[in-house]
Amino acid sequence: METDKQDFFKRVHQVAKLIPEGRVTNYGAIAKYLGAAKSARIVGYAMNASHGDISIPAHRVVNRIGMLSGKHHFDGTNLMQQLLESEGVHVKDNQVQNFDEIYWDPTKEL
DNA sequence: TACCTGACGCCAA
DNA sequence: CTTGGCGCCAGGT
């Protein structure tokens, strides 16, 4: 059974739900937290799978430089940015402002 | 079944 | 300091 693979996705979803409002994290941090630091890409894939689940704030997950690399995958063109700003996260040019301040590291916070 | 692409990240030149 | 290439895993064609 490919339960192992699905389990990884499930873990990613779980961590994504733990992201506090107004905070953001990056794929690599989640991957590392799960023990697969080099599988940052898979985290993004998991986000794509979780895109249908509103309980998973995928918009709070950005790449290591704080850029909304995944905004292109949301319904609207700037839906991801809208959601972030709605939580108090300032975004400009697909880039999260004060990323260093609102950055949420699961390996540290958890 | 094999090859290619993809919401990333890090190292090397 | 900037740009390019490689590695990782999974899914689709």
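Remember, it's a predicted structure, so these values are computed and weren't measured experimentally. Per chain, numbering begins at 1; letters A, B, ... match sequence-line order. Quick note: numbers below take in every heavy atom, side chains included, and nothing from hydrogens, waters or symmetry partners.
The separation between A:N26 atom CG and C:dC8 atom C1' is 16 Å, rounded to whole Å. If you take CG of A:N48 and C1' of C:dG12, they are 12 Å apart, rounded to a whole angstrom. Atom CE in A:M47 sits roughly 9 Å away from atom C1' in B:dA7 (whole-Å rounding). Across the protein-nucleic acid pair, A:I30 atom CD1 and C:dC8 atom P stand 21 Å apart, rounded to whole Å. The interatomic distance linking A:I65 (CD1) with B:dC10 (P) rounds to 11 Å, in whole Å. Distance A:F9 CZ to B:dA7 P: 13 Å, rounded to the nearest Å. Here the P atom of nucleotide B:dC8 and the NE2 atom of A:H72 are 12 Å apart, to the nearest Å. Rounded to a whole Å, the CZ atom of A:F8 is 11 Å from the P atom of C:dG11.
Of the candidate nucleotides C:dG11, B:dA7, B:dC10, C:dG11 has the atom nearest to the side chain of A:Y45. Side chain of A:K38, nearest nucleotide from B:dT5, C:dC8, B:dG9: C:dC8. Out of B:dC8, B:dA7, B:dG6, the shortest distance to the side chain of A:I42 is found at B:dG6.
At the phosphate of B:dC8, OP1 or OP2 sits under 4.0 Å from a side-chain N or O atom of A:S69.
The main-chain N or O of A:V91 is found under 3.5 Å from a side-chain atom of A:Q81 such that the two form a donor-acceptor pair.
The residue A:A46 sits apart from the nucleic acid: no heavy atom pair falls under 4.0 Å.
Around the CG atom of A:N98, the shell of radius 6.0 Å holds more than 12 heavy atoms that belong to other residues, nucleotides or ligands.
A:R41 contributes a side-chain N or O that forms a donor-acceptor pair with the base of C:dG7 under 3.5 Å.
On the C1' atoms, B:dA7 is 22 Å away from C:dT3, given to the nearest whole Å.
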